[in-house]
Structure formats: structure tokens, C-alpha cells
Q: 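I have a structure I would like to understand better, so I am pasting it below and will then ask my questions one at a time.
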Amino acid sequence: MSTEEKPAAAPRSLAEALRGRDDAELAALLRSRPDLVTPVPTDLTQLATRAGTRASVVRALDRLDLFTLQTAQALAVAADPASYDELLGLLAGDEGDRAVSAALPGAVRTLREQALVWGDDDRLRLVRTARELLSPSPQHPSPTGLGPTVREATAGMSPGRIQEIVTTVGLPSTHDSVSAVAALTGLFTDRERMAALLAEVPFESLEVLERLVWGPPYGQVTADPATRLRRLLDRGLLLPTAPGTVVLPREVALHLRGGRAHRTVEPVPPPVGAAATHPPQVVDATAAGQAYTALATVEELLKDWDEGGPAVLRSGGLSLRDLKRTAVALDVTEPVAAFWVELAYATGLLASDGEADERYAATPAYDTWRERPAAERWTTLAAAWLTATRTPGLVGGRDAKDHTLSALGPGLDRSAAPEVRRRVLALLAGLPEGGAPDAGSVAERLRWERPLRATGGAAGSGSTGSGGGDDLRSRLARWTLTEAEMLGVTGRGALSAHGRALLGMPAPTPKAHAERTARSPEPTGPGDRLPVHHRPAVPPPDSSAPSSPLLTALTPAEQAAASAAAARLLAPQLPEPLDHVLLQADLTAVAPGPLQRPLADMLGVLADVESKGGATVYRFTPGSVRRALDAGRAATDLHAFLAAHSRTPVPQPLTYLIDDVARRHGHLRVGAASAYVRCDDDAMLNEILADKRAAGLGLRRLAPTVLAAQADPAGLLEGLRRMGFAPAAESAEGDVLITRADARRTPPRAAPEPVPEGPPVPDDTLLAAAIRAVRAGDLASTAPRKARAGEADAGAGSGELPRTGSAETLATVQAAVLTGESLWIGYVNAEGAASQRVIAPVRVEGGFVTAYDHTADAVRTYPLHRITGVAELADDEN
């Protein structure tokens with residue numbers, strides 16, 4: 001859409017400044033502040049009003065980097081309006097600062113783009129709400145540490161007292177307080193005269209000013225101040241604000257500071273340092289090993305919950321006892337176990353079953369996931385981790401109501417988590433290949449990029465320095481570094497090649513990747529980094545840019561392409577699954593690497609895992625062999641399976657174990673009577689009845705080959721197995737029930753949706769439509785119209801709908817059809833929403849007017865009874 005040329009005159013309001021922007025500049029505003037486009041404003045005046053609301057301004061200030069925020073804070077304590085040179089002086093001081101001078105244009109540009117500042121360089125204005133938030137007041141001290149101006153501090157002072165101060169400092173008395181305050185302000189802002197005035201003040205009085213100069217500027221005094229304080233009060237260097245309270249005027253503080261609004265100005269982001277540098281191929285190999293371990297851990301977790309996992313707490317989540325059991329089963333610490341549980345949940349592989357006795361179990365998606373290639377399974381986990389807002393690091397902490405936060409429970413979502421994860425990985429990508437970052441420098445960089453979030457305070461309160469503090473973003477960064485290492489995104493702390501690809505950055509070509517994995521290159525410098533993606537991750541460490549753009553989240557299509565690229569890089573690094581094991585005479589089997597899926601599944605049924613590591617050791621026991629027989633396998637099947645998959649001869653003890661268990665398996669049959677035991681050998685039944693351990697089963701003989709029991713079938717099976725027998729369950733038809741290794745699954749469940757951090761960033765299509773609608777509405781609301789009889793000059797639209805009678809409306813529209821003129825109309829749609837439009841009527845018939853709508857840029861038909869009124873446009877606009 002074509003836009004009007006920028007007016008030559010300086011804008012008088014934010015709305016006028018927005019009218020001077022082209023479509024690209026408006027799109028940049030709506031993209032940086034997406035809350036302004038929800039819902040779409042009717043015109044630019046409404047857009048400006050919304051941009052000045054407290055909630056929107058707080059959100060915009062919250063996303064500023066430290067130097068841009070310091071620039072806004074300096075504007076808040078400057079005159080309104082202030083010139084660019086005045087602003088530069090407040091930030092660079094009297095002596096100047098080349099880094100500040102280089103960074104300030106970018107900071108001002110950012111504030112202008114986000115509609116927090118408007119006006120030309122000679123009349124910079126901070127929007128009123130931002131000024132109110134950032135200006136100093138007794139209730140909300142400014143981060144600059146400055147107090148009120150002389151005019152503000154003397155607002156309640158008696159005229160006589162003001163004249164006394166003016167006389168004491170050597171100024172001529174005036175006839176009114178306004179001119180006296182102006183003269184005093186002029187003295188305090190004149191460097192030479194102010195220096196001469198301070199030269200007359202004793203050293204002990206100057207010490208008082210030094211304690212207040214960097215804030216807080218308020219102090220307490222007694223009813224009879226000491227001499228050193230009296231000298232300052234008499235000269236207006238301290239001014240009373242309330243009984244017993246004095247303040248250092250802003251002009252005095254700025255003089256003592258050398259013109260600086262801030263004690264420390266940080267125009268350049270702190271660099272992220274490398275704590276260590278490793279060969280890239282070592283990083284990739286280490287990360288690939290961690291990625292394989294991650295896959296094995298998630299599979300082990302869900303396999304452990306195959307028959308139904310832990311119960312869901314009444315308040316939701318996993319109990320502390322169940323988390324401890326899971327940690328023992330995975331042989332990890334409880335925080336690490338919480339991470340794997342939450343990762344499986346975020347990926348959609350784990351959920352609650354929704355039954356009355358609600359328990360956690362794997363979802364059907366887990367079975368699909370297991371069948372995919374290992375590299376693709378890893379990218380599924382890693383992509384879910386990148387976008388998840390659930391934060392496992394919070395598990396075990398306390399919420400606002402002092403309730404313990406549990407794994408899989410409510411209260412773990414933190415909307416900032418995805419942004420921090422991507423930002424931390426982007427900072428790692430900015431290091432030389434193989435560089436592992438210093439965690440402290442990463443935290444410092446994040447605090448610089450989001451100082452208000454680091455302090456956790458509202459805009460305008462608290463310090464915005466990049467000092468210490470264990471804020472949420474710092475903890476998220478620390479957890480990101482740990483989780484990325486466990487997941488295999490990084491290796492030895494450095495970002496891997498497949499980790500880069502997962503972020504959407506260009507991966508090395510196959511040839512280059514082969515070379516970097518075959519040899520150990522020298523550590524690269526800042527100029528030898530990989531080419532930067534079209535969405536820049538982070539500027540070089542020595543960049544003087546005022547702000548570092550965040551690595552934005554990828555679209556679903558971009559993430560799918562990035563995941564595919566990561567899988568291609570990771571696949572050659574993962575070990576190939578093996579089709580064999582090594583059987584040993586001590587009834588164990590050693591898997592020297594990952595096993596193929598069918599082999600691993602069958603071996604998991606036939607044997608118990610004894611130890612894990614580089615090689616997995618399985619142990620064969622009577623119970624594990626019985627488990628395989630219960631799953632429908634015959635002894636011959638087990639012998640053939642072991643012979644086919646063992647690189648060593650099948651040991652004789654293992655053959656005897658299988659045959660012995662198979663010989664006794666199913667000799668006893670247990671069914672539901674309530675429960676019964678059936679056996680063709682009545683001597684065995686006599687043995688069971690005579691065994692004292694069977695007393696609790698409530699057995700009695702019904703027939704020579706049948707015993708009835710008071711216990712249920714499952715309890716009877718377990719009791720007989722504890723006694724050393726190998727019973728088999730049978731159905732009501734007398735057939736043996738096969739207990740397969742099939743796992744319990746929940747109904748289909750979707751992965752939890754991340755909790756968004758504010759309104760989503762609008763896409764290009766929505767932005768184009770929104771800008772078109774806003775400009776069209778602005779055209780209708782500002783179109784000059786002719787004054788009707790008895791009415792003053794209407795000028796531009798006032799925002800109120802035109803009001804005319806139905807007869808006058810019809811006559812005006814019909815006349816416009818004949819003359820071809822455009823009209824300004826008020827229209828109320830079927831939902832009751834009122835709007836203003838500029839139309840060129842084409843025809844009127846049947847109670848409807850067909851017209852070209854300049855607002856919608858289309859031909860529309862409007863019912864006449866919904867038109868509230870019409871007015872002709874001024875001639876010079878047609």
C-alpha cells in the first residue's frame with residue numbers, strides 16, 4: 001500500500017509520528033510489540049493510545065537491553081523534550097565516551113521503532129507512561145539514583161524561603177517564586193558558577209553531598225540540623241521535602257557526577273568467554289555418545305513403566321517417593337530423573353491414563369517413536385526440549401503458596417524457558433568451534449540483554465546493573481547448559497555440529513564434516529566461525545551493537561528441516577545396532593553395544609539387566625526364563641534364539657536352566673473360580689496342601705486333581721511361585737493364558753502445549769492485513785469533511801460517527817451517485833460494531849447502497865438502515 005509522505009513539520013503527538021511511518025516501519029513496530037495488534041486497532045490514533053498504556057509499555061521496557069534501558073532512563077530525567085546532544089551528555093558525561101557515542105544512535109533507533117520515543121533529534125520525547133514509570137519519585141526511586149529537580153522539590157516551599165536561598169547563593173532577589181526557581185536552576189546547571197559555589201562550601205559539608213550523589217538522594221535530618229547541613233540547606237544544595245527529610249536536587253547531583261545520569265554505563269554487551277576449547281571432532285563424538293545415552297535412558301524409563309507407572313497425585317504430578325524409585329531404577333540423581341521424566345512428557349511419549357486409579361504410562365506415540373531411526377528419535381527429543389516451557393529444574397522447589405513443586409505436576413511452566421534455551425545455545429554458537437563457555441559470562445550476558453527480568457522488578461524500580469543475583473534467567477541458563485550436555489546437544493560444554501543444525505544454522509558440507517571428524521583442526525578464531533544463518537544468532541564478542549538479536553524460534557517447517565539436517569549429521573556418529581550377544585558360563589550375556597530392536601526386546605524378556613555402561617550385562621534366572629515362557633515362547637524357541645544370536649556357544653548351564661524351568665512350567669494350572677489349582681498329578685496337590693506357606697491361600701480339595709482357593713488368581717499365582725512352583729494361568733475355556741510383554745498404553749495423548757510468553761509474533765500475512773486495516777481506518781477517521789448548514793468547520797474526523805436522518809442520508813447518497821463524489825459515513829454492522837468509512841457510491845436500490853469502499857479497498861454493499869449518517873468530503877481532498 002502506498003503511504004503518505006512524511007510531514008515536513010515536527011509531529012505533535014505519537015499518533016502523528018506513526019502517521020509519518022511507512023508500512024515497513026509499522027510492521028517492525030507491530031513485530032516488536034505484538035500486543036499492539038491484538039485486536040487490530042481501528043486507526044493510528046488507537047494504535048498510539050494502545051502503545052502508551054501501562055501494560056504495553058511495561059512489556060516493551062521489559063524486553064530492552066541494558067544500554068537501551070539506560071537511554072530511556074536518561075530521557076526520563078532529562079527535560080521534556082530533550083535534544084539528542086542533551087541525551088548524549090547525560091550518558092557520556094562531560095568528558096565524553098566514544099563507546100557511548102557509537103552505541104547511542106542504535107539505542108535511540110530501537111526506542112523509536114518500538115514507539116517508546118518519538119520526535120526528531122532536536123525534540124526527543126519519551127512516551128508519557130514510560131516517563132512516569134522511569135522518573136524518580138520518593139515511592140519509586142529512579143535506577144539513576146537521581147532525585148527531583150529544583151522546581152519539583154521547591155513546589156511546596158514558601159516564597160520567602162525560596163528568596164532567602166536565592167539571596168544566600170548571591171543571586172538577585174525576584175518578585176515571584178517562579179523566576180526565583182528559574183534563576184536557581186540556571187545557577188545549578190552552569191558548570192562554572194556551580195563550581196565557584198561549591199568551592200565556598202566546607203569539606204565536611206561536601207562529604208554529605210558525596211554520600212547522596214549516586215543515590216538514594218534522600219536523607220534524614222533533625223529539627224535543628226548540624227552546621228554542615230545548615231550550610232547546604234541555606235544554599236539550596238539540599239532541599240527539604242517533608243519534615244525531617246531532605247533531598248539532593250537533580251541539577252546538583254548531575255554537576256557532582258560530571259553530567260552522568262548513571263554511575264556505570266554499559267553500551268557494549270559483555271562478551272561470552274570460553275572456559276575451554278576442545279577439538280571439534282571430540283565435541284561431536286562426546287555429544288553423540290550423550291545422545292545415545294539419552295535415547296537409552298528414555299527407553300529404560302518407559303520400559304520400567306510398561307505395566308503401568310506410578311500413580312498420579314491428587315494434586316497432579318509424581319510423588320517424591322516415586323521420583324526416588326525412578327531415580328534408583330535409572331541409576332541417576334533425583335533432579336536428573338525429573339529431567340528425563342519431564343522430557344518424555346514434553347515429547348508426548350508419556351502421559352496419565354485418565355482411569356479412575358490414574359497412573360502414568362507410555363502413550364501410543366512411544367511405540368511409533370521407538371521404530372524410527374535413532375538419529376530421528378533424538379531430534380524429536382531435542383526439538384521438544386527446545387520449545388518446552390516446563391522447567392524440570394524447579395522440581396522440589398516451592399510455589400507461591402509454599403507447596404512443593406513435583407515432577408509432571410502443575411506450576412512448572414516458565415514461558416521464558418524456550419527463549420533462554422535458544423539464547424544460551426546461540427551464545428555458544430558465537431564462540432569458536434569447540435569452545436565451551438564460562439557459565440558466569442553467559443549469565444552476565446543474559447542480564448545485560450534483559451536487565452529488568454534479571455532484577456525481577458517493575459520498570460523504574462530497583463537497580464538495573466548487571467551485578468549478581470540468582471534470578472530466573474540465570475537459573476534457566478545454568479539448567480540449559482546442564483540439560484544440553486545430558487541430551488547431547490553439546491559435548492564437553494561446546495555446541496556440537498548437530499546441535500548447530502538443530503538451531504537452524506548452516507551445517508558443514510559433507511566433505512568438510514568428514515574432514516573435521518577425521519583430523520583435529522587448530523582452534524578457530526572469531527573470524528573463522530561458521531557462516532551465520534539468515535536469522536543472526538549473536539554478534540561477535542567485540543560487537544558494539546546496542547542490542548543482540550535473539551535467536552528466534554523457527555517455524556514448524558523450518559524446525560522440521562533443521563531436525564532433518566541434525567539427524568543427518570548425528571547418524572554417522574551413533575553406534576550401529578548389533579545382532580549378537582556373548583553368552584557366558586555364569587548365566588550372563590554381554591551386549592558389547594546397542595542391540596537391534598527385536599533382539600533387545602526378546603532379551604529384555606528372557607533375562608534381567610544386571611549392569612549398564614559401555615556394555616550391558618544380562619543375567620538369566622528361573623524367573624526371567626519363566627517370564628519368557630509366560631509370554632508364549634517354548635523351550636525350543638528359546639534355545640534356537642540364543643543359538644542364532646550368540647557369538648559364543650550356548651553354555652550348558654543355561655541350556656539346563658531353560659529345560660528345567662520349561663519342564664515344570666504349566667504343570668500346575670490356575671484359573672478363576674474365585675481361583676483354583678488344577679493338576680493331573682494329585683501327589684503334587686497333596687504337597688501343596690501340606691506346605692505351611694500355603695496357609696494364607698485358603699486351599700481346599702474339590703477333586704483329586706483340583707484345589708479351590710480363597711485368593712484371587714493373581715495372588716494364587718504369586719503365592720505358588722514363592723513356594724517354588726511354576727504354575728501357568730488358564731482361561732475359562734481351559735487354555736493357557738499367555739502373558740505377553742506388551743506394555744500398558746494410555747489412550748492417544750497430545751504433547752503438552754508450551755505456555756506462550758505474551759501474544760505471539762504476527763506473521764507477514766497478518767501484519768500486512770493489519771497495516772492495511774489500520775491505514776484504511778485512519779483514512780476514514782482523519783478525512784476532512786464539509787461542514788453542514790449551521791455547523792462549524794468540521795475539519796478532520798473527530799472520531800465520532802456522523803449523524804443524519806434517513807431521508808437526508810438517502811438524498812446525499814443518491815446525489816453522490818450522480819456526481820461521483822466520495823462520502824464519509826458512519827456504519828454499524830450486524831454485531832453492533834461501529835466504524836467510519838470513506839465510500840464512493842455506485843448505485844442505490846432496494847434499501848442498499850453499492851459503493852467502492854476506500855477503507856476496505858473493495859466494492860461493498862451496505863444496508864441503508866445501518867448507516868448512521870453521511871458527510872461530504874472537503875473539496876481539496878477529492
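In what follows, residues are counted from 1 in the order of the sequence shown. As a basis for the values below, the full set of heavy atoms in this structure was taken, side chains included, without hydrogen atoms, waters or symmetry mates.
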Q: Answer whether the closest heavy-atom distance between the side chains of F339 and T391 falls below 4.5 Å.
A: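 Sidechains of T391 and F339: no contact.
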Q: What distance do E433 atom CD and H278 atom NE2 have between them, rounded to the nearest 0.5 Å?
A: 13.5 Å
Q: Considering non-hydrogen atoms only, spot the tightest contact between P418 and T387 and give its length.
A: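 Residues P418 and T387, closest heavy atoms: CG-O, 3.5 Å.
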Q: In plain terms, say whether R447 and D471 are close enough for a salt bridge, that is, a side-chain N and a carboxylate O under 4.0 Å apart.
A: yes
Q: Decide if atom CZ of R647 counts as having more than 12 heavy atoms of other residues, nucleotides or ligands within a radius under 6.0 Å.
A: no
Q: Could you go step by step and tell me if L629 and L638 meet the side-chain contact (heavy atoms from CB on, under 4.5 Å) rule?
A: CA-CA 9 Å; L629 296 173; L638 300 183; 4.1 Å; yes
Q: Using side-chain hydrogen bond (donor to acceptor under 3.5 Å, both in side chains) as the criterion, list what pairs up with E334, not counting sequence neighbours.
A: none
Q: Among residues two or more places apart or on two chains, list those pairs meeting ring-ring contact (aromatic ring centres under 6.0 Å, His included) that have a residue in residues 586-610.
A: none
Q: For D601, is there an ion pair with R370 - N to carboxylate O distance below 4.0 angstrom?
A: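 Answer for the salt bridge query: yes.
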Q: When you look at V650 and H639, which way does the side-chain contact (heavy atoms from CB on, under 4.5 Å) test go after all the steps?
A: CA-CA 8 Å; V650 178; H639 288 310; 5.6 Å; no
Q: If I compare all heavy atoms of A443 with all of S474, which pair ends up nearest, and what's the gap?
A: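 Minimum heavy-atom separation between A443 and S474: CB-OG, 4.0 Å.
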Q: Please check this pair: side chain of E485 against backbone of G493, looking for a donor-acceptor N/O pair closer than 3.5 Å.
A: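 Yes, the answer is positive, given that a donor and an acceptor are paired below the 3.5 Å cut-off.
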Q: Closer than 4.0 angstrom, basic N to acidic O: yes or no for E419 and R423?
A: no
Q: Checking the side chain of H498 only, and the main-chain atoms of A375 only, is there a donor and an acceptor separated by less than 3.5 Å?
A: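 Checked: no pair found.
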Q: Would you check if L313 and L318 make a side-chain contact, meaning some heavy-atom pair closer than 4.5 Å?
A: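 L313 does not reach L318 side chain to side chain.
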Q: Is the shortest side-chain heavy-atom distance between L487 and W378 below 4.5 Å?
A: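 They are in contact (side-chain heavy atoms under 4.5 Å apart), so the answer is yes.
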Q: At their closest point, which heavy atom of E376 faces which heavy atom of T379, and how far apart are they?
A: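 That closest heavy-atom pairing would be O-OG1, 2.8 Å.
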Q: Between K303 and E299, does at least one N-O distance fall below 4.0 Å, as a salt bridge requires?
A: no
Q: Using a strict 4.0 Å threshold on nitrogen-to-oxygen distance, state whether R359 and D357 make a salt bridge.
A: yes
Q: Check each of L495, V489, T480 against L428 using the side-chain contact (heavy atoms from CB on, under 4.5 Å) test, and report the only one that passes.
A: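 Looking at L495, V489, T480, the match for L428 under the side-chain contact (heavy atoms from CB on, under 4.5 Å) is L495.
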Q: Considering only heavy atoms from C-beta outward, does the side chain of R633 approach that of M602 to under 4.5 Å?
A: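 Yes. Closest side-chain heavy atoms under 4.5 Å.
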Q: Quick check against the 3.5 Å criterion: does S441 have a side-chain atom that pairs as donor or acceptor with the backbone of D438?
A: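 Present.
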Q: When you measure from the side chain of R414 to the backbone N and O of T389, does any donor-acceptor pair fall under 3.5 Å?
A: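 Absent.
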Q: Heavy atoms, side chains only, cut-off 4.5 Å: are L595 and P577 in contact?
A: no
Q: Keeping the roles fixed (side chain from S496, backbone from A287), state whether a donor-acceptor pair exists under 3.5 Å.
A: no
Q: What residues, two or more places apart in sequence or in another chain, satisfy side-chain hydrogen bond (donor to acceptor under 3.5 Å, both in side chains) together with R749?
A: none
Q: Of all heavy-atom pairs between Q573 and A288, which one has the smallest distance, and what is that distance?
A: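 Q573 and A288 have their closest heavy atoms at CB-CB, 3.3 Å.
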Q: Quick one: does any side-chain atom of W305 pair with a main-chain N or O of P310 as donor and acceptor, under 3.5 Å?
A: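 Side chain of W305 to backbone of P310: no pair is present.
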Q: Residues in ring-ring contact (aromatic ring centres under 6.0 Å, His included) with Y618, at least two apart?
A: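 Once residues adjacent in sequence are excluded, Y618 has no partner under the ring-ring contact (aromatic ring centres under 6.0 Å, His included) criterion.
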Q: Working to the nearest 0.5 Å, report the span between CG of L405 and CG of L408.
A: 12.5 Å
Q: For the side chain of R31 and the backbone of V761, is there at least one donor-acceptor N/O pair under 3.5 Å apart?
A: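 Side chain of R31 to backbone of V761, a donor-acceptor pair under 3.5 Å: no, none is there.
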Q: Search all heavy atoms of A494 against all heavy atoms of G435 and return the closest pair with its distance.
A: CB-O, 3.4 Å
Q: Start with the C-alpha gap between L412 and V395, add the side-chain angles, then the distance that decides, and say whether side-chain contact (heavy atoms from CB on, under 4.5 Å) holds.
A: CA-CA 7 Å; L412 293 184; V395 172; 3.9 Å; yes
Q: Flag the pair S319 / K324 as yes when at least one side-chain heavy-atom distance between them is below 4.5 Å, and no otherwise.
A: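 No, side chains not in contact.
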Q: When you compare the side chains of D586 and T588, does any donor N or O come within less than 3.5 Å of an acceptor on the partner?
A: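 Checked: D586/T588 side chains pair up, N/O donor to acceptor below 3.5 Å.
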Q: With a 3.5 Å cut-off and no angle check, do the side chains of S624 and D608 form a donor-acceptor pair?
A: no
Q: Please check this pair: side chain of D284 against backbone of A497, looking for a donor-acceptor N/O pair closer than 3.5 Å.
A: yes
Q: Report the C-alpha separation of V312 and D353 in whole Å, then their side-chain angles, then the decisive distance to 0.1 Å, and conclude whether the side-chain contact (heavy atoms from CB on, under 4.5 Å) test is met.
A: CA-CA 9 Å; V312 180; D353 57 15; over 6 Å; no
Q: Are the side chains of V590 and T616 in contact, using a 4.5 Å heavy-atom criterion?
A: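 A side-chain contact under 4.5 Å is absent here.
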Q: Enumerate the residue pairs fulfilling side-chain hydrogen bond (donor to acceptor under 3.5 Å, both in side chains) with a member in residues 337-350, sequence neighbours excluded, ordered by first and then second residue.
A: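 Listed once each, the pairs are E342-R390.
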Q: So, taking the atom named CD in Q281 and the one named OG1 in T286, what distance separates them when rounded to the nearest 0.5 Å?
A: 9.5 Å
Q: Between T648 (side chain) and L583 (backbone), is there a donor-acceptor pair under 3.5 Å?
A: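 Side chain of T648 to backbone of L583, a donor-acceptor pair under 3.5 Å: yes, one is there.
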Q: Do R745 and T363 have side-chain N/O donor and acceptor atoms under 3.5 Å apart?
A: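 No, no side-chain donor-acceptor pair sits under 3.5 Å.
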Q: Taking the side chain from D630 and the backbone from R627, do they hold a donor-acceptor pair closer than 3.5 Å?
A: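 Not confirmed, D630 side chain does not pair with R627 backbone.
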Q: Would you give the length of the straight line joining atom OG1 of T482 to atom CE of M486, rounded to the nearest 0.5 angstrom?
A: 6.5 Å
Q: Applying side-chain hydrogen bond (donor to acceptor under 3.5 Å, both in side chains), name anything that partners R626, two or more places apart in sequence or on another chain.
A: none
Q: Kindly compute the distance separating CZ (R445) from CZ (R473), expressed to the nearest 0.5 Å.
A: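 Spacing of CZ (R445) from CZ (R473) equals 12.0 Å.
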Q: Contact between V420 and R475 at the side-chain level, heavy atoms closer than 4.5 Å - yes or no?
A: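 SC-SC contact between V420 and R475 ruled out.
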Q: How many angstroms lie between atom CD1 of I658 and atom CG of L606, to the nearest 0.5 angstrom?
A: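 One gets 6.0 Å once the value is rounded to the nearest 0.5 Å.
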Q: How far apart are the closest heavy atoms of P410 and G316, and which atoms are they?
A: CD-O, 4.0 Å
